Amino acid sequence: MRLLEEKIKTDGKVISKDVLKVDSFLNHQIDPDLMLEIGKEFAKIFANEEITKIVTIESSGIAPAVMTGLQLNVPVIFARKQKSLTLYESLLTTTVHSFTKKETNDISISKKYLDENDKILIIDDFLANGEAALGLVDLVQQANAQVAGIGIVIEKSFQPGAQKLKDLGLRVESLARIESLANGVVTFISEKVE
Ligand code: 5GP
């Protein structure tokens with residue numbers, strides 16, 4: 001997605017050879033216009049999948065997921081990292097190791113929001129080692145619902161997450177695919193193709 005790649009080029013900060021900071025438009029301050037375009041793009045890509053709900057993880061997946069839900073006219077569920085008092089009912093729970101925080105957390109979704117009739121689109125902000133996305137796939141499968149696809153805003157293609165998910169037969173669609181962050185420079189896969 002050209003608009004997103006341009007935004008990453010101008011506003012993204014390469015923190016190390018494997019971490020990109022996009023706090024100015026996605027992970028802290030949010031650019032609503034860009035999120036709307038991201039939502040439209042995911043809705044177009046997954047238009048024929050008969051999606052019934054979107055599943056993401058708090059907090060940075062929520063903005064792109066809500067914009068996609070708006071376009072597809074379906075509800076959005078975010079997995080919670082902490083069991084809150086309002087989540088006392090039956091939970092689907094799994095364990096996820098965070099790439100950026102280097103810690104392991106339980107993530108949960110209330111059983112009442114997913115069932116076997118659901119076709120789920122999973123959305124997240126970044127794909128690195130695939131832990132977060134695999135955790136969300138696990139929660140959807142615990143509910144006997146179907147994963148129709150995974151939409152990622154920024155895929156770091158030099159890390160193994162995308163391949164792990166594709167090896168499971170899952171459809172992965174990423175709006176920006178980063179081949180390298182070497183030497184402080186963001187190189188996209190699309191730049192090689194064109
Ligand atoms: P994974 O579970 O695929 O290893 O990592 C995905 C999660 O880690 C995302 O939800 C995102 O919050 C975080 N993450 C992974 N890589 C990056 C990165 O380069 N920059 C930022 N800001 N977050 C990242």
Side-chain angles (χ1 to χ4, degrees), residues 1 4-31 34-35 38-39 42 54-69 76-82 92-109 120-141 147 149-190:
M1 185 182 173
L4 175 62
E5 289 185 356
E6 281 168 6
K7 191 76 172 172
I8 293 169
K9 281 275 188 201
T10 54
D11 293 8
K13 301 265 176 291
V14 178
I15 299 296
S16 68
K17 66 177 188 354
D18 54 12
V19 177
L20 174 69
K21 192 166 174 170
V22 288
D23 271 24
S24 66
F25 62 92
L26 180 59
N27 291 142
H28 190 24
Q29 175 171 264
I30 293 174
D31 179 336
L34 179 63
M35 291 306 124
I38 285 170
F42 280 137
I54 294 172
V55 166
T56 187
I57 182 167
E58 65 176 349
S59 53
S60 295
I62 295 175
V66 167
M67 290 302 186
T68 310
V76 177
I77 306 159
F78 62 94
R80 305 189 70 140
K81 291 177 181 162
Q82 273 152 13
L92 306 163
T93 299
T94 195
T95 302
V96 166
H97 181 75
S98 164
F99 174 79
T100 40
K101 297 191 183 127
K102 310 284 179 225
E103 60 187 27
T104 301
N105 287 307
D106 281 351
I107 62 165
S108 307
I109 289 177
I120 302 297
L121 172 59
I122 290 173
I123 299 261
D124 203 8
D125 59 337
F126 270 91
L127 181 57
N129 292 326
E131 288 278 323
L134 284 167
L136 295 175
V137 169
D138 184 22
L139 294 182
V140 172
Q141 291 177 342
V147 178
I150 300 172
I152 298 292
V153 179
I154 304 174
E155 171 189 311
K156 290 180 294 174
S157 310
F158 56 90
Q159 292 176 306
Q163 197 54 50
K164 275 191 218 168
L165 296 166
K166 287 175 189 168
D167 287 348
L168 293 173
L170 296 165
R171 178 179 180 195
V172 181
E173 300 285 352
S174 305
L175 302 186
R177 296 173 70 217
I178 295 176
E179 183 181 68
S180 160
L181 294 175
N183 306 315
V185 177
V186 183
T187 308
F188 295 104
I189 287 190
S190 56

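The structure displayed is predicted, hence computed values, not measured ones. Every number for a ligand or one of its atoms is a count from 1 in the order of the listing.
Using modelled atom types, no side-chain atom of Lys156 and backbone atom of Phe126 make a donor-acceptor pair closer than 3.5 Å. Although no hydrogens or angles enter the test, the distance criterion places a donor-acceptor pair under 3.5 Å between the side chain of Thr56 and the main chain of Ile123.
Screening residues 159-171 for salt bridge (Lys or Arg N to Asp or Glu O under 4.0 Å), with sequence neighbours left out, gives Glu49-Arg171, Arg171-Glu173.
Among residues two or more places apart in sequence or in another chain, the side-chain contact (heavy atoms from CB on, under 4.5 Å) test is passed with Ser157 by Glu155, Arg177, Ile189.
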Side-chain donor-acceptor distances from residues 59-67 under 3.5 Å, at least two apart:
unit_1 : atom_1 : unit_2 : atom_2 : d
Ser60  : OG     : Asn27  : ND2    : 3.0

Pairs under 3.5 Å, N/O atoms on ligand 1 and on the protein: can you put them in a table with the distances?
unit_1   : atom_1 : unit_2 : atom_2 : d
ligand 1 : 2 (O)  : Glu131 : N      : 3.1
ligand 1 : 2 (O)  : Ala132 : N      : 2.8
ligand 1 : 3 (O)  : Ala128 : N      : 2.8
ligand 1 : 3 (O)  : Asn129 : N      : 3.2
ligand 1 : 3 (O)  : Gly130 : N      : 2.7
ligand 1 : 4 (O)  : Asn129 : N      : 2.8
ligand 1 : 10 (O) : Asp124 : OD2    : 2.9
ligand 1 : 10 (O) : Asp125 : OD1    : 3.0
ligand 1 : 16 (N) : Lys156 : NZ     : 2.7
ligand 1 : 19 (O) : Leu20  : N      : 2.9
ligand 1 : 19 (O) : Lys156 : NZ     : 2.8
ligand 1 : 20 (N) : Leu20  : O      : 2.7
ligand 1 : 22 (N) : Leu20  : O      : 3.3
ligand 1 : 22 (N) : Asn27  : OD1    : 3.0

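Open room surrounds NZ on Lys101; 12 or fewer heavy atoms of other groups in view lie less than 6.0 Å from it.
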